[in-house]
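Just so it is clear, the values below take in all heavy atoms, side chains as well, and ignore hydrogens, waters and symmetry mates. Each ligand, and each atom within it, is numbered from 1 in the order the structure gives.
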Amino acid sequence: MADSYGGEAHSPFFIIFTDLDGTLLDNVSYSWKKAESAVEECRRHSIPIVLVTSKTRAELMVLREALCIFDPFVTENGGGVFFPKKRFNRPSEGADSVDGLWRWSLGVPYSRLVKAFEDMAQELGWKMKGFSQMTPQEISRLTGLSIDEAIRAAQREYDEPFLILDKGNAPELDLFEAAKRRNLHITKGGRFYHLHGRSDKGRATKWLIELYRKIGHNVFSIGVGDSENDLPMLEVVDLAIFVGNPQTLNDAKGRVQDILVPREKGPKGWNQAILNFLKTREEYVDVK
Ligand SMILES: [Mg+2]
């Protein structure tokens, strides 16, 4: 099938799947400057950099412009997979079209999540507040985002972040059970709880690798992440790179085998590991 990535059908086709915050972007300054030379090298070698993040499509549309990375991307922790139409002429089954992109929804649609969230609050008799019930000002206050950024963060498609304001003496487990009865899942993040379907970064990454294989590429995948929600992604790639606190890996008890941990963390580690990989990539390919 024609697509502008081209390349020899059987020569290895490298793809980098990367988390953003704390990985390609610095945890504090949100800058990617320290990874710039490796990003530039990837561009020079036409190696796609697939951003795999918990952010929304609206947030990604702005970030992609800033980073000058226009490859496919994954939003809301694996809920949505987006592929630029310019780079992929014909979509596979199940895609719809939005913003010049093909979209595959691996997650549960937001309207269903919001409805389930309200039902759960009522059933449990708990006071909870979701993004769908917050103003941009409230979201901005809770997250430290600017109002414009908060507006983009609130444009959810596959995940409802929320706070528990009052649950009386009830155990947290009741909430997890209520979600499970609705075939949904809850994850506890740094600031918020999240209600979502079965999607995760690993399923979305695997799905994209399969798509590239279907269009004839001999894929060699590299994954870079810094925290626990990146582990499902690191489990499905050929080469896993971890640029976060190594304690997270100890806690994961060997879930990801053969993981590369550069000495530097965040974008600096990203730069180091990817430049090194590009220099030595023939060795990796021979091993496969
Ligand atoms: Mg991260």
Side-chain angles (χ1 to χ4, degrees), residues 15-36 38-39 42 49-64 66-67 69 71-82 107 131 139 142-145 149-150 152-153 156 158-159 161 185-194 196 199-206 208 221-237 239-252 255-256 259-274:
I15 311 175
I16 296 173
F17 293 88
T18 182
D19 168 54
L20 281 171
D21 292 353
T23 300
L24 183 56
L25 308 182
D26 184 88
N27 244 340
V28 179
S29 66
Y30 295 106
S31 165
W32 56 91
K33 278 274 171 276
K34 288 176 182 154
E36 211 165 25
V39 169
C42 292
I49 299 175
V50 176
L51 307 175
V52 184
T53 171
S54 59
K55 295 181 196 300
T56 63
R57 171 164 55 92
E59 291 176 290
L60 258 282
M61 294 311 268
V62 173
L63 256 170
R64 290 165 79 234
L67 286 159
I69 293 177
D71 297 306
F73 60 95
V74 173
T75 63
E76 294 180 59
N77 279 319
V81 176
F82 297 87
F131 263 36
I139 294 173
L142 289 166
T143 56
L145 297 173
E149 287 166 343
R152 291 194 284 272
R156 320 289 309 174
Y158 310 104
D159 173 297
H185 295 264
I186 287 174
T187 350
K188 232 169 139 174
R191 282 196 184 90
F192 302 100
Y193 290 82
H194 293 261
H196 53 86
S199 46
D200 64 35
K201 288 187 174 187
R203 287 164 64 94
T205 299
K206 208 168 163 190
L208 257 175
S221 55
I222 300 111
V224 200
D226 80 312
S227 58
E228 208 192 316
N229 70 340
D230 297 318
L231 296 182
M233 167 176 82
L234 299 183
E235 280 169 27
V236 301
V237 291
L239 174 68
I241 300 168
F242 191 81
V243 294
N245 183 345
Q247 187 57 40
T248 312
L249 292 179
N250 293 343
D251 296 344
R255 263 173 66 193
V256 185
I259 193 156
L260 212 77
V261 184
R263 208 172 309 132
E264 303 287 351
K265 303 204 176 18
K268 214 168 168 188
W270 203 102
N271 201 56
Q272 193 180 53
I274 296 298

Q: Looking only at side-chain N and O atoms, does D159 offer a donor or acceptor that is under 3.5 Å from a partner on N77?
A: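 Per modelled atom types, N77 and D159 side chains form no pair under 3.5 Å.
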
Q: Using ring-ring contact (aromatic ring centres under 6.0 Å, His included) as the criterion, list what pairs up with F242, not counting sequence neighbours.
A: none

Q: One thing to verify: whether D26 and K33 come together as a salt bridge, which I'm taking to mean a side-chain N less than 4.0 angstrom from a carboxylate O.
A: no

Q: Would you say that V243 contacts E264 through its side chain, given a criterion of any heavy-atom pair below 4.5 Å between the two side chains?
A: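 Counting from C-beta outward, V243 and E264 never come under 4.5 Å.
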
Q: Around the Mg ion (ligand 1), list the protein N/O/S atoms within a radius below 2.8 Å, excluding water molecules.
A: D19 OD2, D21 O, D226 OD1

Q: Does any N or O in the side chain of D226 come within less than 3.5 Å of the main-chain N or O of T23, such that one atom is a donor and the other an acceptor?
A: no

Q: Could you walk me through whether V236 and F17 pass the side-chain contact (heavy atoms from CB on, under 4.5 Å) check?
A: CA-CA 10 Å; V236 301; F17 293 88; over 6 Å; no

